[in-house]
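Okay, structure first, notes after.
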Amino acid sequence: MGKLRRRWDRGEFLSQLARGARWEPLAIGLRGPTAKDTSAHLDHARAWVEQWHRARHLRVEMRTVGGRVAGTNEIPGRVWVDSYEQLWAALGVEPDVQTFVALLDATRLSAPDIADWMSAKPMEVLRHKGEWARLVDTVLWIEAYARPDMYLRQIDVPGVDTKFIERYRTILAALLDCRLGEHRVDHTRSPSDFAGRYLFRKKPAYVRFRHLSDGPGFSELAVRVTELADMPPTARTVFVVENETTYLAFPPVENAIVIFGEGYAASRLQPLQWLADRNLVYWGDIDTHGFAILNKVRRTFEGARSMLMDRATLLAHEGQWVDEPSPTSDHLEALLPDEASLYTDLVEGVLGSSVRLEQERIAYSVIQQATRQHH
């Protein structure tokens with residue numbers, strides 16, 4: 001029975017049933033006791049034979065063992081499964097079969113293409129049987145009503161919220177892929193990026209920045225990247241830093257702002273094309289990843305300068321060095337010669353293993369002097 005159980009677990013039998021395939025009688029060979037076993041362990045042999053005689057749901061085919069010396073005995077040689085019903089009874093899976101058939105029949109009425117997927121993946125259906133109706137309803141709602149200007153929060157299906165979408169996004173993605181047209185699916189995005197893959201509106205990215213000189217209005221703002229791209233500040237100089245405390249304590253500078261990069265400076269800055277016309281200054285940690293971010297910024301804004309990311313600053317703060325957890329060694333083609341030389345030494349461990357100088361460890365007086373030089 002182990003072979004039948006494994007085939008059931010793979011979904012083979014339910015797939016056959018769902019496709020309407022006729023049942024072909026299935027024979028399973030049995031490895032029963034030999035004539036020697038029958039003589040030496042008669043009670044065990046009889047118990048094994050009785051076990052198969054009691055298998056009312058299967059047709060048992062007998063065979064003869066033994067011979068002239070030991071005598072002959074009839075024992076089960078094969079069992080036959082003659083129908084789906086016999087198989088379900090033998091495996092004890094009738095409730096699962098009934099559940100699957102009911103779900104399949106209901107789905108065929110509302111979404112035949114999803115029913116085709118169910119025929120190929122019956123065990124996935126059973127794993128989600130308690131949520132199946134809501135899963136199908138969600139797919140049908142997205143097909144009928146979803147628009148690119150909508151958030152996932154706007155899906156209006158009873159019992160479905162964003163946590164439901166997140167929990168069942170893998171199975172929902174499989175169903176949506178077979179239901180939606182190609183123009184409704186961005187196959188470059190994985191099911192984990194559910195909103196992006198199915199063209200929902202994604203949570204907007206924000207940029208946080210401070211004005212570095214006194215003036216009317218707000219001193220600090222967090223605005224959507226898309227809006228900041230269309231409405232640039234008038235400041236002539238733009239500093240970008242990665243550490244929040246450094247961002248908050250950044251020295252006053254006339255006609256300048258400071259942007260909090262949060263470790264994602266390159267991707268946050270890319271839409272702000274007006275930065276190409278500003279005095280753009282990037283300041284990150286002196287480590288391999290700091291230079292990698294600088295490299296990405298400069299690939300977008302060729303004129304970007306770095307601040308306090310030089311050998312002299314690093315050596316002057318040797319007592320503040322820490323270890324960089326996971327250094328990179330990528331080729332950084334946009335670095336200037338002095339930056340590239342220091343980056344290479346960091347990669348090769350010339351100054352020590354995994355050297356890192358975080359920007360918050362640099363003396364404040366050094367920051368004040370550097371901002372005057374780069375303004």
Side-chain angles (χ1 to χ4, degrees), residues 4-24 84-85 87-88 91-205:
L4 291 178
R5 178 63 63 179
R6 287 190 291 273
R7 292 182 64 180
W8 162 264
D9 290 341
R10 290 196 296 267
E12 291 183 23
F13 297 126
L14 281 179
S15 289
Q16 288 179 213
L17 180 71
R19 292 194 303 267
R22 290 182 56 190
W23 179 261
E24 297 293 335
Y84 284 115
E85 291 73 20
L87 178 64
W88 311 146
L91 294 176
V93 295
E94 294 102 326
D96 282 338
V97 175
Q98 293 170 4
T99 297
F100 174 75
V101 170
L103 294 175
L104 182 65
D105 289 344
T107 307
R108 277 180 173 147
L109 296 175
S110 59
D113 38 12
I114 292 180
D116 291 340
W117 183 92
M118 296 171 71
S119 298
K121 303 284 186 179
M123 306 316 284
E124 280 294 302
V125 177
L126 288 177
R127 274 191 283 273
H128 296 90
K129 59 187 178 183
E131 309 296 339
W132 191 256
R134 284 193 288 174
L135 291 170
V136 174
D137 287 347
T138 301
V139 170
L140 295 178
W141 192 97
I142 290 173
E143 180 188 32
Y145 301 110
R147 302 186 309 272
D149 63 341
M150 296 177 66
Y151 290 104
L152 289 174
R153 180 63 181 84
Q154 293 172 264
I155 293 176
D156 195 9
V157 176
V160 173
D161 53 26
T162 51
K163 290 185 178 180
F164 179 91
I165 300 293
E166 178 65 22
R167 186 179 306 117
Y168 296 109
R169 64 187 178 186
T170 301
I171 182 71
L172 281 170
L175 302 183
L176 284 166
D177 282 355
C178 70
R179 181 72 182 178
L180 299 181
E182 288 296 313
H183 66 288
R184 299 282 302 275
V185 182
D186 183 352
H187 290 284
T188 65
R189 299 180 182 273
S190 70
S192 62
D193 181 7
F194 193 90
R197 186 175 178 87
Y198 301 107
L199 311 184
F200 282 89
R201 194 173 185 177
K202 300 187 71 173
K203 180 181 177 181

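Side-chain atoms are counted along with the backbone in the values below, which use heavy atoms only and exclude waters and symmetry mates.
- To the nearest 0.5 Å, atom CE of residue Met118 and atom CG of residue Leu14 are 10.5 Å apart.
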Practice task
Apply side chain to side chain contact (heavy atoms under 4.5 Å, CB included) to Tyr198 and Arg184, showing your working.
Solution key: CA-CA 6 Å; Tyr198 301 107; Arg184 299 282 302 275; over 6 Å; no
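- In this structure, the side chains of His187 and Glu182 come closer than 4.5 Å at one or more pairs of heavy atoms.
- The distance from the OG1 atom of Thr138 to the CZ atom of Phe164 is 5.0 Å, given to the nearest 0.5 Å.
- Between Trp117 and Glu124, the closest heavy-atom pair is CH2-CB, 3.8 Å.
- Checking side-chain atoms of Arg7 against main-chain N and O of Glu12 turns up no donor-acceptor pair under 3.5 Å.
- The side chain to side chain contact (heavy atoms under 4.5 Å, CB included) check on Tyr145 picks up Trp141, with sequence neighbours excluded.
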Exercise for the section: Determine, stepwise, if the pair Asp161 / Arg153 fulfils salt bridge (Lys or Arg N to Asp or Glu O under 4.0 Å). Expected result: CA-CA 7 Å; Asp161 53 26; Arg153 180 63 181 84; over 6 Å; no
Exercise for the section: Begin from the C-alpha positions of Leu87 and Trp23 and carry the test side chain to side chain contact (heavy atoms under 4.5 Å, CB included) through to its verdict. Expected result: CA-CA 10 Å; Leu87 178 64; Trp23 179 261; 3.8 Å; yes
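- In summary, of the residues considered (Asp113, Leu175, Ile171), a side-chain contact (heavy atoms from CB on, under 4.5 Å) with Val139 occurs for Leu175 alone.
- Summarising the geometry of Arg108 relative to Ala115, their closest heavy-atom pair is CG-CB, 3.4 Å, with the distance given to 0.1 Å.
- At distances below 3.5 Å, not a single donor-acceptor pair connects side-chain atoms of Arg19 with backbone N or O atoms of Ser119.
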Problem - Residues Phe13, Val97; criterion side chain to side chain contact (heavy atoms under 4.5 Å, CB included); working and verdict - result: CA-CA 10 Å; Phe13 297 126; Val97 175; over 6 Å; no
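- Salt-bridge annotation for Glu166 and Lys163: absent, with no side-chain N of the basic residue lying under 4.0 Å from a carboxylate O of the acidic one.
- To the nearest 0.5 angstrom, Asp96 atom CG is 11.0 Å from Phe100 atom CZ.
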Exercise for the section: Run the numbers on Ser192 and Arg169 for side chain to side chain contact (heavy atoms under 4.5 Å, CB included), then give the verdict. Expected result: CA-CA 7 Å; Ser192 62; Arg169 64 187 178 186; 4.1 Å; yes
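- Considering only heavy atoms from C-beta on, Pro191 comes within 4.5 Å of Arg197 through its side chain.
- Checked against Trp132 for a side-chain contact (heavy atoms from CB on, under 4.5 Å), the options Leu103, Asp137, Leu126, Thr99 give a single hit: Leu103.
- With values rounded to the nearest 0.5 angstrom, Arg147 atom CZ is found 13.5 Å from Ile142 atom CD1.
- A donor-acceptor pair is defined here as one N or O able to donate and one able to accept, closer than 3.5 Å; no such pair exists between the side chain of Glu131 and the backbone of His128.
- Of the possible polar contacts, none joining the Arg179 side chain to the Leu140 backbone as a donor-acceptor pair under 3.5 Å is found.
- Scanning all heavy atoms of the two residues, the minimum distance from Ala146 to Phe200 falls at CB-CZ, 3.7 Å.
- Classification of the Tyr84-Trp88 ring pair by plane angle, with boundaries at 30° and 60°, yields parallel.
- Nearest heavy atom pair, residue Gly159 against residue Arg134, reads O-NH1, 2.5 Å.
- For Asp186, the side chain to side chain contact (heavy atoms under 4.5 Å, CB included) criterion is met by Thr188, Arg189, Leu199, not counting sequence neighbours.
- The CG atom of Asp116 sits 8.0 Å away from atom SG of Cys178, with the distance rounded to the nearest 0.5 Å.
- Atoms CD1 and CG, from Ile165 and Leu172 in turn, are 5.5 Å apart once rounded to the nearest 0.5 Å.
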